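Here's the structure, in structure tokens; my notes come after.
Because the structure is a prediction, the values reported are computed rather than measured. Chain letters run A, B, ... following the sequence lines, proteins first and then strands; every chain starts at 1.
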Amino acid sequence: MLKTHACGELRKEHAGTTISLAGWVHRRRDHGGLIFIDLRDREGIVQVVFNPEVSPASHQTAGELRSEYVVRVEGAVAARPAGTENRALPTGEIEVIAHDAQILNRSMTPPFYISEEVEVDESLRLKYRYLDLRRERMKQNLLLRHRVVKFMRDFLDARDFVEVETPVLIKSTPEGARDYVVPSRIYPGKFYALPQSPQQLKQLLMVAGLEKYYQVARCFRDEDTRADRQPEFTQLDIEMSFIEEEDIISLLEELFTSMIETLKPEMRMARPFPRLTYAEAMERYGTDKPDLRFGMEIGDLSDIAATTGFAVFTRAISAGGRVKGICVPGCGTYTRSQLDELNRRAQALGAGGITTISLGVASSLEELTAELAKSPAAKYLSLDQVKAMAALLQAKPGDLLVIAAGKPDMVNKVLGELRREMGERLGLAPPDLLAFAFITDFPMFEWSETAGRWQAMHHPFTSPREADLPLLDSDPGKVLARSYDFVCNGFELSSGSIRIHTSELQRRMFRVMGYTDSQIDERFGHLLEAFDFGAPPHGGIAPGIDRLVMLLAGEENIREVIAFPKNQSAADLTFNAPSEITEEQLAELHISFKNGNPPGNTLAL
RNA sequence: GGCCCCGUGGUGUAGCGGUCUAACAUGCCACCCUGUCACGGUGGAGAUCGCGGGUUCAAAUCCCGCCGGGGUCGCCA
């Protein structure tokens, strides 16, 4: 080793020892005589003092040092002179008196600051990701991610789970996301697909008798990216045999609870993790991944609205719709233009419009007068009706009621999104809170207008509830699944289910989704056949590691917790991938382009 | 594919029709400085204002198109 110690580990008790260090020049302070270097390695920063009276040669060397030079220093650890300690630095009580120094490598001036946390254009950061990762924030994120994954492995290992690797080159299957495909050299015109998740593989491992499996698994989906979505991402893939919903849910709760208590003790959780059915979540929060860090629940005002003379309300109800609302705290003073903006937002989300009631400041809701409750619909609403709505939404004087009327799905979606946006705008969510929850009883299918058929809401291997089996052919939309989502702070962290383990039921499901028997055999025959060799009842879940670490790190996109992420256009700016390949490679893969050359779309940078 | 936001020395920003021969901070280079720690001081270099077109007597500034980046809808079993 070129070093005996890490820069960041040196403390008072090292004083008097002779050591060697190696790292990067974080900062240089040249006093003409004395030169101070903040030397940085992974463990931290320590001050090195170059004194010409101690070592003229190393003082000379120090004069050449610049930011990010790689340097090795031999010297003595010494307590700093009284009054010069730096309490901001863990190593601030000591310094290293350099006796000898060598430059191991020079560095160009970095394109952005390593030593300061300044927001830098993200494409520049991605191009020089290896420099970006030198920054403290990114280093901490990578370290946190390591600890999270290690905790998961240790936790599952202690519970007799076996980590098994599964292939990345597998078979393209219908259903789900668009596949990334890899052309085969050996089989002209045929393709592998990268797994969207190891779903079928882990089920086969259950058939194989592993009983408890996990894997830190890379998944690939060729869909457009988002702040919380990358073309490739990592899941903690878990599958167990001979279990029921409760087993998975409690395993996950135990895992996350102990992990956060260990790794992020400063963060708070509500325990036990609340459970909501899908129907409840949609009713109360307008989404299947509610942010439960704050209230502002959607309330059903239909009964009250039906008694009003307001046609927007009564028409919606007689058409089978609902009138629902949320109470936005403290926004009763919103101006006309602010309310207009809210209305435009609601319209953009699909509502015809919203009705607002601004509650003026009174000592209590009971004291509220007609003059204090302002609404475009005021002349159709009695004071009692306003009070009843306000009470139902748990409003206080000074709050704003936002009411939407129409089809239930639309009303929930609009109010759910407004709730989310207003919660964010008003800063209602405590940043140190992790509001985990399980969402259960998802519908098995949803009707796809584009495909003109029923599609699995979770995935086609999810078991329906046994009680709902009779509905499978007559009314698939009513069938509920034995699935459970795990959500936190408005993000879907993972999705799991009890699986189908008989070929009969699995085949039936595929038929509901519009497949012919020969299509089923061709695409899923391997799985169906496996089920016929004594497949045990099984189920599992797959928490997304990127999103989890993002939440724990307090980051707002998952790129910040991925060493080499892709940008929004799915390009890797460090490598400039994707890129063209040679004529030879194309020929070996039996690929040629229609017009001789690949279509445009070249990468910049 | 749609919508929204952004693009000015290396970096981060200001400027938003004429004062711009483009400002500030920091970084960079040179010199000075023996207790600094975002060291300090003096001096200096560094920008075809993302690209193209248009409007105008005049464009970094207004308009259109394109490119790049981010967010989002669609999409994401």
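When the P atom is used for both G15(B) and C6(B), the distance is 13 Å, rounded to whole Å. Using P as the reference atom, U48(B) and C39(B) are 30 Å apart when rounded to the nearest Å. C57(B) and G17(B) are spaced 12 Å apart, taking the C1' atom of each and rounding to whole Å. Nucleotides A47(B) and C28(B), compared at atom C1', are 15 Å apart to the nearest Å. On the P atoms, A30(B) is 45 Å away from U72(B), given to the nearest whole Å. To the nearest whole angstrom, the two C1' atoms, one in G10(B) and one in C29(B), are 13 Å apart. Atom name P, nucleotides C51(B) and G9(B): the rounded distance is 10 Å, in whole Å. A gap of 16 Å separates the C1' atoms of G50(B) and A59(B), to the nearest Å.
With rounding to whole Å, E117(A) atom CD is found 23 Å from A25(B) atom P. For the pair R135(A) CZ and U11(B) P, the interatomic distance rounds to 13 Å; values are reported in whole Å. In this structure, the CD1 atom of I45(A) is 12 Å from the C1' atom of A38(B), given to the nearest Å. Between the CG atom of D222(A) and the C1' atom of C76(B) there is a distance of 11 Å, given to the nearest Å. One interatomic measurement links the two molecules: CG of D179(A) to C1' of C75(B), which rounds to 14 Å at whole-angstrom precision. Distance E136(A) CD to A38(B) P: 15 Å, rounded to the nearest Å. Per the geometry, CG belonging to L126(A) stands 10 Å off P belonging to G69(B), to the nearest Å. One interatomic measurement links the two molecules: CD of Q347(A) to P of C3(B), which rounds to 18 Å at whole-angstrom precision.
Close to C39(B), at under 4.0 Å from its OP1 or OP2, lies a side-chain N or O of R27(A). A sub-4.0 Å separation between OP1 or OP2 of G74(B) and a side-chain N or O of R226(A) is absent. OP1 or OP2 of G71(B) lies within a sub-4.0 Å distance of a side-chain N or O belonging to Q568(A).
The distance from atom CG of L480(A) to atom CG of D441(A), rounded to the nearest 0.5 Å, is 5.5 Å.
Side-chain proximity of Q47(A) to the nucleotides C37(B), U34(B), C75(B) is greatest for C37(B). Comparing atom distances between the E223(A) side chain and each of G69(B), U11(B), C75(B) picks out C75(B) as nearest. Minimum atom distance to the side chain of R66(A) is reached by A30(B), of the listed A30(B), G12(B), G10(B). Picking from G71(B), U11(B), C33(B) the nucleotide with the shortest atom distance to the side chain of D30(A) gives C33(B).
Using modelled atom types, one finds no donor on one side chain facing an acceptor on the other under 3.5 Å when comparing R221(A) with Q230(A). No side-chain donor from either of T574(A) and R129(A) sits under 3.5 Å from a side-chain acceptor of the other. Defined by atom type and a distance below 3.5 Å, a donor-acceptor pair is missing between the side-chain atoms of E64(A) and T61(A). A side-chain donor-acceptor contact under 3.5 Å links S497(A) and R499(A).
For R229(A) and C76(B), a side-chain-to-base donor-acceptor distance below 3.5 Å is present, hydrogens and geometry of angles not being considered.
RNA chain B is contacted by both R29(A) and D121(A); D121(A) maps to the nucleotide lying nearer its 5′ end (nearest heavy atom per residue). Between L34(A) and R28(A), the one whose closest nucleotide on RNA chain B sits nearer the 5' end is L34(A).
Under the Watson-Crick and G-U wobble criteria, each requiring two contacts below 3.5 Å, nucleotide C31(B) is paired to G41(B). A 3.5 Å limit on both hydrogen-bonding distances identifies G71(B) as the Watson-Crick or G-U partner of C3(B). Summarising the base pairing, A23(B) is matched to U13(B) through a Watson-Crick or G-U wobble pair whose two defining distances lie under 3.5 Å.
Ring orientation note: the planes of H459(A) and F461(A) are tilted relative to one another, at an angle of 30° to 60°.
Residue R559(A) is classed as a sugar-phosphate contact, given heavy-atom separations below 4.0 Å to backbone atoms only. Among the protein residues, N567(A) comes within range of the sugar-phosphate backbone only, with heavy atoms under 4.0 Å from sugar or phosphate atoms but none that close to a base. Among the atoms of the strands shown, only primed sugar atoms or phosphate atoms (P, OP1, OP2) are found under 4.0 Å from some heavy atom of E119(A). Among the atoms of the strands shown, only primed sugar atoms or phosphate atoms (P, OP1, OP2) are found under 4.0 Å from some heavy atom of S569(A).
Shown here for A429(A) and D291(A), the closest heavy-atom pair between the two residues is CB-OD2, 4.4 Å.
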- Item | Full working for side chain to side chain contact (heavy atoms under 4.5 Å, CB included) between L527(A) and L204(A) | CA-CA 7 Å; L527(A) 189 68; L204(A) 293 176; 3.9 Å; yes

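Heavy atoms of other residues, nucleotides or ligands lying less than 6.0 angstrom from CD of E529(A) number 12 at most.
A stacked arrangement is not assigned to F112(A) and the six-membered base ring of U11(B), the conditions of a centre distance below 5.5 Å and an interplanar angle below 30° not being jointly met. The aromatic ring of H31(A) is not stacked on the base of U36(B), since the criterion of ring centres less than 5.5 Å apart with planes inclined by under 30° is not met.
Taking the charged nitrogens against the carboxylate oxygens, E122(A) and R559(A) do have a contact shorter than 4.0 Å, which makes a salt bridge.
Residues of residues 80-97 of chain A having a heavy atom closer than 4.0 Å to RNA chain B, listed by number: R80(A), P81(A), T84(A), E85(A), N86(A), E95(A).
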